[in-house]
Protein chains: 2
Amino acid sequence: MNDTPNGTSTLNINRDSDEPAYAQVVRILSQEIAEGAYRAGAQLPSESQLRARFSVSGMTVRRAINILVDRGIISASQGKGTFVRGLDMREAAFRLRERHDSPLLGPSVQVRLLQAAILTADERIARKLDISRGKRVVYLRRLISQPDGPVMYHREYMVYDPRRPTVEAELQITSLEGLFRGQGGQGLRRGDLGLEAVALSEEEADALQMPVGSPALCLEHIFYDFENHPVAWGWFICRADHFRLLGRIGPETSLGAES
Amino acid sequence: MNDTPNGTSTLNINRDSDEPAYAQVVRILSQEIAEGAYRAGAQLPSESQLRARFSVSGMTVRRAINILVDRGIISASQGKGTFVRGLDMREAAFRLRERHDSPLLGPSVQVRLLQAAILTADERIARKLDISRGKRVVYLRRLISQPDGPVMYHREYMVYDPRRPTVEAELQITSLEGLFRGQGGQGLRRGDLGLEAVALSEEEADALQMPVGSPALCLEHIFYDFENHPVAWGWFICRADHFRLLGRIGPETSLGAES
DNA sequence: TTGACAGACTTATATATATAAGTATATAAT
DNA sequence: ATTATATACTTATATATATAAGTCTGTCAA
């Protein structure tokens with residue numbers, strides 16, 4: 001067995017395991033970095049050394065290294081070597097998907113449509129949706145509630161296009177998962193999101209049963225179609241005490257589906 | 001030339017380009033998906049078809065597909081095929097690194113140390129840092145300012161360990177970049193982050209020159225060493241009007257360094 | 001009609017090999 | 001001493017090939 005810098009004998013991959021070889025290499029190297037066998041700034045063994053240690057082909061090592069580079073755990077520069085990166089708070093990512101505090105995507109959350117109307121675009125709406133003032137838009141208001149009370153308030157403006165079946169589909173949504181996923185069912189190309197802290201307006205405070213001026217998270221969204229025209233603009237007002245984004249920096253011990 | 005579902009003749013890769021073949025495949029497929037040649041739910045050509053179309057080896061196509069899967073643009077299931085995924089707001093990631101509204105990491109931002117003290121841990125601090133009550137901790141307060149005024153207020157508690165050089169290094173920090181990156185210089189393994197909306201306390205409002213109760217973003221951080229013990233706990237209070245996180249969902253046209 | 005099975009298709013993993021290209025260092029020539 | 005060159009190392013890209021394994025479909029027999 002080879003030795004790591006800290007003197008302990010190295011782990012190796014298990015050929016009988018169901019876990020692919022490249023994934024095992026990723027996991028083992030991540031673990032050793034996490035345990036301090038390789039500190040920040042240290043150089044990892046070269047590709048050929050790793051190939052010899054794990055008894056795998058170059059491509060397998062290469063793939064593992066690429067994954068670690070993708071995750072921001074190491075950095076590789078051609079001709080020099082691969083090095084362990086230190087923690088960098090800027091690399092942290094907050095995903096809506098995972099690890100809020102509260103289970104917002106379960107069946108216990110209820111989405112209620114408060115209002116559905118067709119109105120004419122004012123200056124602000126027209127600019128956001130890239131249409132001319134006075135054009136008709138669909139206006140939706142929703143309230144997302146948990147058993148213990150409302151937690152999010154949603155407002156949305158959509159360009160009114162009878163050919164597009166999006167509007168009808170939108171009206172049927174009854175779960176937050178449908179609201180988050182359903183928007184992009186068909187005909188949408190991409191979306192831009194913004195996240196900021198706001199104070200509750202009178203209307204929002206009333207809906208969320210909170211005092212006016214309470215802090216809240218505003219999650220704004222704009223969706224574009226394949227011609228890159230805005231289709232929908234809206235925002236979620238989330239009660240601060242029910243919505244907290246979690247992130248992490250540093251090596252992960254678990255392995256997701258990766259390249 | 002082959003034809004895509006929408007009838008236009010397909011792009012192909014350029015062997016003379018500096019751009020690697022796998023990257024070109026990623027770019028072209030991303031573009032075609034973004035332009036609507038393959039809609040959400042549609043099945044992409046099989047690996048062997050793509051291999052024939054681009055005149056590359058299977059591994060190259062495979063790598064490109066893995067990258068697209070990683071990005072959440074397509075999903076591949078063994079034995080069935082690869083399919084274009086629709087937009088899913090839950091997949092959106094907000095990174096601290098990129099795309100705030102304001103340039104927080106430039107030389108125009110100033111980090112000023114307001115206070116550095118050693119005090120004894122109360123119940124709350126002891127629990128967060130996993131130490132016993134009464135133990136000594138280093139307490140730091142910082143104010144991060146732009147030319148037009150203060151934008152962030154930082155408080156941090158660190159376990160007091162004379163052997164660790166972290167404290168001295170922390171005191172020297174004068175840039176936000178150093179503050180974000182320097183924490184993990186050495187001896188730190190990972191960090192957990194939290195992001196939520198808060199209302200400014202009297203102390204915070206005073207420092208940020210804002211009314212008490214104004215909305216703000218609170219970015220909490222805990223850093224752990226290689227024995228998985230908390231080393232530092234702190235949080236940034238960010239003026240809501242200067243700190244807005246941006247994210248995006250859907251195919252990216254640009255190509256970063258990927259596996 | 002139903003069920004079992006074979007075959008064709010798909011993605012997934014892994015190997016061995018070749019070539020390209022960036023970096024550092026030792027060596028030889030000036 | 002300085003400069004140029006050769007060499008040995010590194011990562012990066014790409015090919016051809018083999019095997020495994022999941023999914024669907026048609027065929028044949030009961």
Side-chain angles (χ1 to χ4, degrees), chain A residues 12-29 33 38 41-85 255-259, chain B residues 12-29 33 38 41-85 255-259:
Chain A
N12 211 317
I13 65 172
N14 173 13
R15 284 343 258 264
D16 298 329
S17 165
D18 284 342
E19 197 180 11
Y22 76 91
Q24 293 190 46
V25 174
V26 168
R27 180 175 47 77
I28 291 174
L29 289 180
I33 291 172
Y38 305 104
Q43 182 169 11
L44 281 183
S46 79
E47 205 171 300
S48 54
Q49 286 174 302
L50 291 175
R51 203 176 60 195
R53 167 180 166 191
F54 292 115
S55 307
V56 294
S57 74
M59 281 300 296
T60 303
V61 168
R62 199 96 274 288
R63 185 169 182 184
I65 287 178
N66 281 330
I67 290 174
L68 290 172
V69 171
D70 269 10
R71 295 195 188 167
I73 295 175
I74 65 176
S75 66
S77 54
Q78 186 174 143
K80 294 180 69 175
T82 56
F83 302 89
V84 179
R85 296 182 54 174
L255 173 73
E258 294 277 340
S259 41
Chain B
N12 212 317
I13 66 174
N14 173 13
R15 283 342 258 267
D16 298 329
S17 166
D18 284 342
E19 196 181 12
Y22 76 92
Q24 294 190 45
V25 174
V26 167
R27 181 175 46 77
I28 290 174
L29 289 180
I33 292 171
Y38 305 103
Q43 183 168 10
L44 281 182
S46 78
E47 206 171 297
S48 54
Q49 286 174 302
L50 292 175
R51 202 175 62 195
R53 168 181 166 190
F54 292 115
S55 306
V56 294
S57 74
M59 281 301 296
T60 302
V61 169
R62 198 97 274 287
R63 186 170 182 182
I65 287 178
N66 281 331
I67 290 174
L68 290 172
V69 171
D70 269 10
R71 295 195 188 168
I73 296 175
I74 65 177
S75 67
S77 54
Q78 186 174 144
K80 295 180 68 176
T82 57
F83 302 88
V84 179
R85 297 182 54 174
L255 175 72
E258 294 277 340
S259 44

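The sequence lines fix the lettering, A, B, ..., with proteins before strands; numbering per chain opens at 1. Values below: all heavy atoms of this structure, side chains included; hydrogens, waters and symmetry mates excluded.
- Minimum heavy-atom separation, A:Val61 to A:Glu47: CG1-CG, 3.8 Å.
- The side chain of A:Ser57 lies closest to C:dT15 when the candidates are D:dT15, C:dT13, C:dT15.
- Atom CZ of A:Arg51 is separated from atom C1' of C:dT17 by 10 Å (rounded to the nearest Å).
- Within the structure, every side-chain polar atom (N or O) of B:Tyr22 is placed at least 4.0 Å from both OP1 and OP2 of D:dA14.
- Residue-to-nucleotide proximity on DNA chain C shows that, of A:Met59 and B:Glu47, the 5′-proximal contact is made by B:Glu47.
- Counting only distance, with no hydrogens or angles, the side chain of B:Gln43 and the backbone of B:Val84 share no donor-acceptor pair below 3.5 Å.
- Residue B:Arg15 places at least one side-chain N or O closer than 4.0 Å to OP1 or OP2 of D:dT15.
- The CD1-P distance, from B:Ile67 to D:dA14, rounds to 10 Å in whole Å.
- The side chain of A:Gln78 has D:dT11 as its nearest neighbour among C:dA12, D:dC24, D:dT11.
- If you measure from atom CD1 of A:Ile74 to atom C1' of D:dT11, you get 11 Å, rounded to the nearest angstrom.
- Distances shorter than 4.0 Å separate some side-chain N or O of B:Thr60 from OP1 or OP2 on D:dT15.
- Regarding A:Leu44, its CG atom lies at a distance of 9 Å from the P atom of D:dT11, rounded to whole Å.
- Rounding to the nearest 0.5 Å gives a distance of 12.0 Å between CZ of B:Arg71 and CG of B:Asn66.
- B:Leu50 places its CG atom 11 Å from the P atom of C:dT10, with the value rounded to the nearest Å.
- Where B:Ala76 and A:Val56 each meet DNA chain C at their nearest nucleotide, the meeting point lying more 5' is that of B:Ala76.
- OP1 and OP2 of C:dT11 both lie 4.0 Å or more from every side-chain N or O belonging to B:Arg62.
- Rounded to the nearest 0.5 Å, atoms CZ (A:Arg63) and CZ (B:Arg62) are 7.5 Å apart.
- Atoms NZ (A:Lys80) and P (C:dA24) sit 5 Å apart, rounded to a whole Å.
- Nearest heavy atoms, A:Phe83 versus A:Ser77: CE1-OG, 4.2 Å.
- Rounded to whole Å, atom C1' of C:dA24 lies 12 Å from atom CZ of A:Phe83.
- At whole-Å resolution of the value, CD1 in B:Ile65 and P in C:dA12 are 7 Å apart.
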